[in-house]
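Counting starts at 1 for both ligands and their atoms, in listed order. One-based numbering along the sequence shown.
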Amino acid sequence: MPPKPSQSVTVKHAESHGYEFMGPPGAFVISVGLPLVVYLMTFLCNDISGCPVPSALSPSTLTIERLKQDVGWPANGIWGLTSWDVSAKVLGYYLLSVILQAYLPGEVATGTELASGGRLKYKFNTWSSTMFTFAICAAGTAYQGADFPVWTFIYDNYVQIITTNVIISYALATFMYIRSFSVKPGNKELRELAAGGHTGNMLYDWFIGRELNPRITLPLLGEIDIKCFCELRPGLMGWILLDFTFMAHQYKTYGFITDSMFLITAFQTLYVLDSFWMESAIMTQMDITTDGFGFMLAFGDLVWVPFTYSVQARYLSVYPLTLGIFGTAGVLCALGLGYYIFRSSNNEKNRFRTNPSDPRVAHLKFIETKSGSKLLISGWWGTARHINYFGDWIQAWAYCLPTGIAGYLVQHSSVAPATGQSLADKSFVYGGPHLHTEVLQGSARGYGIIFTYFYILYFAVLLIHRELRDEQKCLRKYGEDWKRYTEIVKYRIIPGIY
Ligand code: NDP
């Protein structure tokens, strides 16, 4: 069962503080650069010409026309990246998500203490909402197989779905920024500004988020906590729906589902469902207690997570690599170890903070701080200050390894090619009777790693940066007590190393 949120959870808030993410220049680079990275990953690793596209492999002969052909650049140029029809359907998906949150029953919990002293109420029913959505998809797939329109729609309109979500992220961040100016001191709705979100620099505040817990009330649907909604619902569930889409596409193309595809989809589904099952734990996480809601979270939740985290499944939908028993065992070991560290450390802290007399944590050592909160110094939290991040990072390997030494080329011909036999030249053929498509590794072998292992590198950077931010937050909150704590628990993320 998910841990019961306690009335006694208290998160004291830091005073307003300066820039993170290298201030306004960093905010600008991230806000423009990350959407571009999402498009680059989509276009440069595709099912039209290869992963990476052949022209990227031979830059000396690169021409714009050839590149446009390789990436499948729309005939109507940049306008082809959007579609009214797709946008309407994506908005329909968001609406369904809001309706499920509003109307399905859910546990109502009290959040952490706000700077104003009050506590907000949260309704948690992401699990049942997801089960409802999955049940519809499962019924549709049982009836129509891989041709179930949800899967074909997502696959065929992938780029336009990205664009819609990018636009929603920009629009939502802008709306929330403007609306945050209506937060007045002592308001009875308990609205407040995030400690780091009102520096006065418009771009930076828009990016990092001014308001801590923006909520809107919609007719018939009631109050929605925008940050909590975006953190848990459309994007995280979208990630899994994308994985299912790619699995369906692999089946539709080749008539089978590989162990690699099965593993990746199962791992990522487990990861997401785990966060839905433990939904109330979100109330003590940094995103909810400390960060405002701006472009950083909107884009991260709605675009970055679903579209970049599902890149491995997208890759395997085109190049259906089989791992075999030993490959599968290796990947499972990495996942099992990572998940064990990640889940048990997070549970330990959550139990300690919500019910310290729980027999599973009652024996752990801790230090008292002047702020009133206690800090664990034994168990998982005695090994490193963010041992949970280490577990999460190990899991990241399990997501990427199933793509093997990635990279493929897509070749079309009117004559059916013979399929390769050895691992190095293993090729897959589909299509016919007049046009055959062969997917083989060839000269692309190894270069696809840039896309399919990107997650490991990115996630390491994210976790290291997040740890530094959390460290700063804790230093501001605990002062000398935090210094005392870091002398006892010396390592940041990896015991004995970092
Ligand atoms: P944590 O769950 O690690 O929480 C950090 C907070 O815990 C600190 O600010 C402090 O808050 C409290 N704390 C720190 N040390 C101790 C201690 N020794 N004893 C008790 N409490 C302590 O932070 P996150 O929200 O960053 O991460 C939660 C999980 O989510 C992690 O497993 C992480 O890997 C995962 N995650 C995944 C992401 C993804 O994209 N997949 C992105 C980000 C996170 P307080 O003020 O209450 O003392």
key: Proximal atoms of ligand 1 relative to H386 (non-hydrogen, under 4.0 Å)   = 3 (O), 5 (C)

message = Could you walk me through whether R466 and Y389 satisfy the side chain to side chain donor-acceptor pair (under 3.5 Å) test, starting with their C-alpha distance in whole Å, then the side-chain angles of each, then the deciding distance to 0.1 Å, before giving a yes or no?
response = CA-CA 9 Å; R466 194 177 171 96; Y389 288 6; 3.3 Å; yes

ask   = Can a non-hydrogen atom of R353 be found less than 4.0 Å from any atom of ligand 1?
value = yes

ask   = Just checking, any donor-acceptor pair under 3.5 angstrom between side chains of T82 and Q160?
value = no

request  = Going by heavy-atom distance to atom 25 (O) of ligand 1, choose the closest among R469, K477, R466.
outcome  = R466

task = Under 4.0 Å from a heavy atom of D470: give me the atoms of ligand 1 that qualify, with their elements.
result = 5 (C), 6 (C), 8 (C), 9 (O)

inquiry  = One residue to check: S345. Relative to ligand 1, which of side chain, backbone, both or neither has a non-hydrogen atom less than 4.0 Å away?
reply    = neither

request  = Could you tell me whether R385 and E471 have a side-chain N and a carboxylate O separated by less than 4.0 Å?
outcome  = yes

task = Provide the number and element of each atom of ligand 1 under 4.0 Å from a heavy atom of W381.
result = 3 (O), 18 (N)

query = When Y399 is tested against each of F459, Y458, Y309, Y455 for ring-ring contact (aromatic ring centres under 6.0 Å, His included), which residue passes?
reply = Y455

request  = Using a strict cut-off of 4.0 Å, indicate which atoms of ligand 1 neighbour a heavy atom of D392.
outcome  = 33 (C), 34 (O), 35 (C), 36 (N), 37 (C)

Proximity of Y309 to ligand 1 by residue part, where a heavy atom lies under 4.0 Å = side chain

request  = Measure from atom 22 (C) of ligand 1 to every heavy atom in K349, E348, Q395 and give the option owning the shortest one.
outcome  = K349

key: Any donor-acceptor N/O pair, R210 side chain to G292 backbone, under 3.5 Å   = no

key: Single hit among N165, T163, T164 for side chain to side chain donor-acceptor pair (under 3.5 Å) with S87   = T164

task = May I ask you to test the N388-W381 pair for a side-chain heavy-atom distance under 4.5 Å?
result = yes

inquiry  = Set out, in order, the CA-CA distance, both residues' side-chain angles and the distance that settles side chain to side chain contact (heavy atoms under 4.5 Å, CB included) for H465 and F21, then state yes or no.
reply    = CA-CA 9 Å; H465 181 248; F21 296 95; 3.0 Å; yes

ask   = Of the listed options (L376, N388, I367), which comes nearest to atom 19 (N) of ligand 1 when hydrogens are ignored and any heavy atom counts?
value = L376

query = What atoms of ligand 1 come within less than 4.0 Å of a heavy atom belonging to F342?
reply = 32 (O)

inquiry  = Out of the candidates F134, F132, W277, only one should pair with W127 under the ring-ring contact (aromatic ring centres under 6.0 Å, His included) rule; please name it.
reply    = W277

request  = Could you label the plane-to-plane angle of the F342 and Y339 rings as parallel, tilted or perpendicular, counting under 30° as parallel and over 60° as perpendicular?
outcome  = tilted

note = Per-atom filter on ligand 1: closer than 4.0 angstrom to a heavy atom of C474 are 8 (C), 9 (O), 10 (C)

ask   = In terms of side-chain heavy atoms, does S345 have a donor or acceptor partner in N347 at a distance below 3.5 Å?
value = no

task = Give the contacting part of N346 toward ligand 1: side chain, backbone, both or neither, where contact means a heavy-atom distance below 4.0 Å.
result = side chain

query = Quick one: does S373 get a heavy atom under 4.0 Å from ligand 1?
reply = no

query = Counting heavy atoms only, which part of F366 comes closer than 4.0 Å to ligand 1: side chain, backbone, both or neither?
reply = neither

query = Among the heavy atoms of Y478, does any lie under 4.0 Å from an atom of ligand 1?
reply = yes

query = Does some non-hydrogen atom of Y271 fall short of 4.0 Å from ligand 1?
reply = yes

